[in-house]
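One structure is given here, and the rest of the page talks about it.
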Number of protein chains: 2
Amino acid sequence: MYACTFWRLLRGEEGLIRRKVAELAGVSEATVSRVLSGAGTVKDDTAKRVMDAAKQLGYVPNALAQRFALRKSGNLGVILPLLPKVNLFSTFYFSEVLSGIGVTAKQRGYDLLLLFREADEARDYASLFRTQKIDGCIILGSKDTPGERAALAELKEREHPFCLVNQRFEGEAYNTVDADQKMGSRHAVRHLLRYGYRKICFLNGPPEYSNSLDRLNGFQQALAEAQVPFREEHVLIGNYSRKSGYRQTETVAALIRSGEVDAVIAANDRMAIGLMQGLKELGIRAGEDFALVGCDDSDVSSMMEPQLTSIRVPFYEVGCEAASRLLDLMTETEPSPPFEVKLPVKLIERASSKTTRSTAK
Amino acid sequence: MYACTFWRLLRGEEGLIRRKVAELAGVSEATVSRVLSGAGTVKDDTAKRVMDAAKQLGYVPNALAQRFALRKSGNLGVILPLLPKVNLFSTFYFSEVLSGIGVTAKQRGYDLLLLFREADEARDYASLFRTQKIDGCIILGSKDTPGERAALAELKEREHPFCLVNQRFEGEAYNTVDADQKMGSRHAVRHLLRYGYRKICFLNGPPEYSNSLDRLNGFQQALAEAQVPFREEHVLIGNYSRKSGYRQTETVAALIRSGEVDAVIAANDRMAIGLMQGLKELGIRAGEDFALVGCDDSDVSSMMEPQLTSIRVPFYEVGCEAASRLLDLMTETEPSPPFEVKLPVKLIERASSKTTRSTAK
DNA sequence: TTGAAAGCGCTAACAA
DNA sequence: TTGTTAGCGCTTTCAA
């Protein structure tokens with residue numbers, strides 16, 4: 001009770017506590033500021049007196065006032081799609097990337113402002129800067145649509161620092177951190193070829209995501225390198241959801257049964273799993289009747305039966321890198337050219353693709 | 001280029017644009033403020049003139065200044081554990097809850113500040129309020145430890161609005177939104193009994209989480225209701241990770257083989273899946289040799305083979321409810337008693353527990 | 001219904 | 001090395 005009224009008093013006289021600290025330390029308020037913000041030059045001795053006084057009185061500077069005076073919000077915005085409805089991306093992806101961003105931002109004294117982009121909301125990223133809610137932002141789950149392009153162009157034009165994660169825009173030089181998806185597909189193809197599979201089907205995601213294009217690209221390139229002909233009709237399109245993988249069951253089953261296809265690469269784990277389940281219902285088993293490779297190496301890939309071979313994308317590191325680069329850029333004085341970081345991926349071999357096809361048809 | 005310099009100018013004269021709006025509308029800056037903040041009484045006619053002028057000049061008030069003047073951050077803090085390291089909770093859980101919070105907060109004009117709690121950091125939630133980074137906060141993944149209790153007690157003492165999600169503290173009346181875990185276990189037990197299983201083993205999580213205690217409680221109660229004896233040695237403890245479920249393989253296998261146990265309820269899906277995998281390796285199959293029920297109904301439960309019966313917890317709604325209640329509380333003037341909301345859960349029956357045990361030993 | 005002016009808690013010149 | 005002082009862009013009394 002005592003403490004309660006004590007603190008209520010304090011709250012009522014926010015400003016006074018600052019003055020008290022100054023008095024207790026025998027300095028001016030400006031010096032208190034200098035000590036606590038770390039800026040300016042203060043004698044070690046006085047600095048210590050101020051610190052002690054502040055600790056004794058439990059004084060913590062008001063970040064809101066601080067940021068207002070500095071005209072910096074101290075926030076890093078993270079824009080992300082509304083997850084539950086459009087569950088295309090995996091929760092795994094977001095958790096990992098977000099954690100990476102969060103840890104990095106915290107290390108560097110920034111807070112994270114989470115901004116959910118609504119489905120068809122007119123995107124106005126720039127106003128987040130105008131209102132000074134954020135000093136920079138990282139955009140997740142961006143798609144190549146006219147509205148998105150316009151919003152990004154505006155950001156760039158006004159020189160607001162931002163960074164895209166896992167998405168590039170053809171013809172625009174934006175800051176990007178991405179996994180090397182193209183290399184991922186190549187690894188997958190080479191892996192399958194090594195095990196004797198030669199008739200590979202590719203279950204891709206929609207082309208609004210540059211990742212989809214990159215993966216297809218790597219797929220084609222790896223085939224070309226091995227002089228295996230590329231068949232357009234062996235490219236299927238889903239929407240990154242498990243259901244969309246499941247929906248391809250009939251098509252893929254026919255391809256496998258006719259001997260036209262003996263392996264499938266899916267552009268993410270969810271589609272791979274949907275397809276695997278569908279085919280299993282028809283008695284066609286991954287790892288035995290055909291080989292299956294997913295992408296993302298999400299936590300579910302090792303929960304499957306058989307466990308799913310997948311391309312590990314270092315999502316956590318992607319988040320770290322994006323935040324780190326963006327914060328660098330925000331603290332630099334002179335403008336630097338846009339960065340396009342590609343992080344290496346790695347094929348994790350598991351049972352779904354490991355049976356050697358010695359008698360390839 | 002033109003636009004670019006134009007905006008650079010604007011940025012240089014942030015304050016001026018406000019004045020220009022005032023001039024264009026033929027009013028004072030104070031009136032501009034009144035109109036844009038919606039407060040105060042303004043004639044409809046002048047209000048319209050101001051709005052038009054603002055739109056024409058592209059004026060958006062500076063939220064940072066606004067919040068500073070109002071002494072409100074406009075942020076709802078969400079405190080959550082660092083995910084990647086301590087991957088006890090599922091990413092599914094956090095994504096769902098977070099989305100619920102995010103949507104609700106946005107509807108009510110609040111922004112979300114994400115705060116990662118580091119593993120053993122001295123918890124000082126109160127200073128988030130003192131620095132005015134947040135006006136209220138929702139705490140996820142809280143555990144019953146002395147440090148946590150102290151931090152929460154401080155929040156309460158200083159009358160900072162906060163809400164716990166999925167965690168209660170014995171002896172403390174904090175605002176809480178939780179799923180009805182106790183009811184969940186009861187559903188699970190009754191379901192198993194109905195299918196003829198009578199020897200049920202319970203794989204629980206650690207007791208620092210009140211959920212663990214609730215679930216055990218419901219388990220015992222349901223057994224008592226059905227007059228099935230409760231066996232202390234049939235309660236196993238994991239840590240909510242898949243591995244910890246896997247680690248119980250030997251123990252559970254022995255219990256099943258000896259006929260002492262014919263069904264298992266796990267306190268979350270991850271442990272259920274770990275256990276399922278371990279037992280499968282020993283040739284003991286869920287849904288055939290024993291029944292298995294998980295909890296959370298995370299997205300993986302339907303990706304398993306066999307699919308996992310699980311208790312669906314409305315995580316998204318939990319998030320909505322927590323945010324909604326907390327925001328109510330923050331806008332109320334008079335103090336209200338703490339709320340303890342329990343949301344209903346639902347058993348989702350799948351293959352892992354559906355084979356009727358007609359010949360129960 | 002509106003304008004003028006004070007002040008939110010902090011930083012950062014400028015002086016001393 | 002430190003104190004004084006003038007803002008940061010907004011809200012909000014108080015008068016008109």
Side-chain angles (χ1 to χ4, degrees), chain A residues 10-51 53-54 57-74 109 127 129-133 135, chain B residues 10-51 53-54 57-74 109 127 129-133 135:
Chain A
L10 273 191
R11 243 183 296 152
E13 356 170 329
E14 292 271 337
L16 289 190
I17 178 164
R18 185 187 172 75
R19 176 177 315 279
K20 278 184 190 158
V21 172
E23 281 170 10
L24 187 59
V27 296
S28 72
E29 288 193 51
T31 301
V32 174
S33 171
R34 273 190 273 260
V35 173
L36 274 87
S37 67
T41 48
V42 188
K43 218 182 353 181
D44 278 4
D45 179 46
T46 42
K48 193 181 174 315
R49 286 210 317 282
V50 172
M51 294 296 270
L57 296 172
Y59 171 70
V60 182
N62 180 328
L64 201 49
Q66 219 163 14
R67 291 161 170 195
F68 169 61
L70 289 170
R71 285 175 295 287
K72 293 234 173 251
S73 70
S127 75
F129 286 88
R130 267 180 289 171
T131 59
Q132 293 215 21
K133 288 190 175 182
D135 300 333
Chain B
L10 272 191
R11 242 183 297 152
E13 355 171 330
E14 292 272 335
L16 288 190
I17 179 164
R18 186 188 173 74
R19 176 176 315 278
K20 278 185 190 156
V21 172
E23 280 170 10
L24 187 59
V27 296
S28 72
E29 288 193 50
T31 301
V32 174
S33 172
R34 275 189 271 259
V35 173
L36 273 88
S37 67
T41 48
V42 187
K43 218 182 354 181
D44 278 4
D45 179 46
T46 42
K48 190 178 176 317
R49 285 210 317 282
V50 171
M51 294 295 270
L57 295 172
Y59 171 69
V60 182
N62 179 327
L64 200 51
Q66 217 163 15
R67 290 161 172 196
F68 170 61
L70 290 170
R71 284 177 294 286
K72 292 233 174 253
S73 70
S127 74
F129 286 89
R130 267 179 290 171
T131 59
Q132 292 215 26
K133 287 190 174 182
D135 300 332

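Any value given below was found using the heavy atoms of this structure, including those in side chains, with hydrogens, waters and symmetry copies removed. A note on names: the letters A, B, ... follow the listed sequences, proteins ahead of strands, and every chain is numbered from 1.
Across the protein-nucleic acid pair, R130(B) atom CZ and dG9(C) atom P stand 16 Å apart, rounded to whole Å. Here the C1' atom of nucleotide dA6(D) and the CZ atom of R71(A) are 12 Å apart, to the nearest Å. Going from atom OH of Y59(A) over to atom P of dG9(C) covers 10 Å, rounded to whole Å. What separates CZ of R67(A) from P of dG9(D) is a distance of 17 Å, to the nearest Å. Per the geometry, CG belonging to N62(A) stands 14 Å off C1' belonging to dC8(D), to the nearest Å.
The stretch residues 41-50 of chain A comes close to DNA chain D through T41(A), V42(A), K43(A), T46(A), each having a heavy atom under 4.0 Å from the strand.
Within the nucleic acid shown, T31(A) comes within 4.0 Å of sugar-phosphate atoms alone, with no base atom in reach, counting heavy atoms only.
For D44(B), the salt bridge (charged side-chain N to carboxylate O under 4.0 Å, His left out) criterion is met by no residue, not counting sequence neighbours. Not counting sequence neighbours, the partners of R49(B) by the side-chain hydrogen bond (donor to acceptor under 3.5 Å, both in side chains) test are D45(B). Every residue meeting the salt bridge (charged side-chain N to carboxylate O under 4.0 Å, His left out) condition with K48(B), not counting sequence neighbours, appears here in chain and number order: D52(B). Under the rule for a side-chain hydrogen bond (donor to acceptor under 3.5 Å, both in side chains), S37(B) has no partner lying at least two apart in sequence or in another chain.
Here Q132(A) contributes atom CD and L70(A) contributes atom CG; the two are 10.5 Å apart, rounded to the nearest 0.5 Å. With rounding to the nearest 0.5 angstrom, the NZ atom of K133(A) is 5.0 Å from the CZ atom of R67(B).
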remark   = Whether each nucleotide of nucleotides 11-16 of chain C has a protein heavy atom under 4.0 Å at its base (B), only at its sugar-phosphate (S) or at neither (-) is summarised, 5' to 3', as BBB---
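Two residues are said to be in side-chain contact when any heavy atoms from C-beta on lie closer than 4.5 Å; L64(A) and L64(B) meet this criterion. Proximity of R18(A) to S33(A): side-chain heavy atoms (C-beta onward) are separated by under 4.5 Å at one or more points.
Aromatic stacking of F68(A) on dC8(D): satisfied, with centres closer than 5.5 Å and planes within an angle under 30 degrees.
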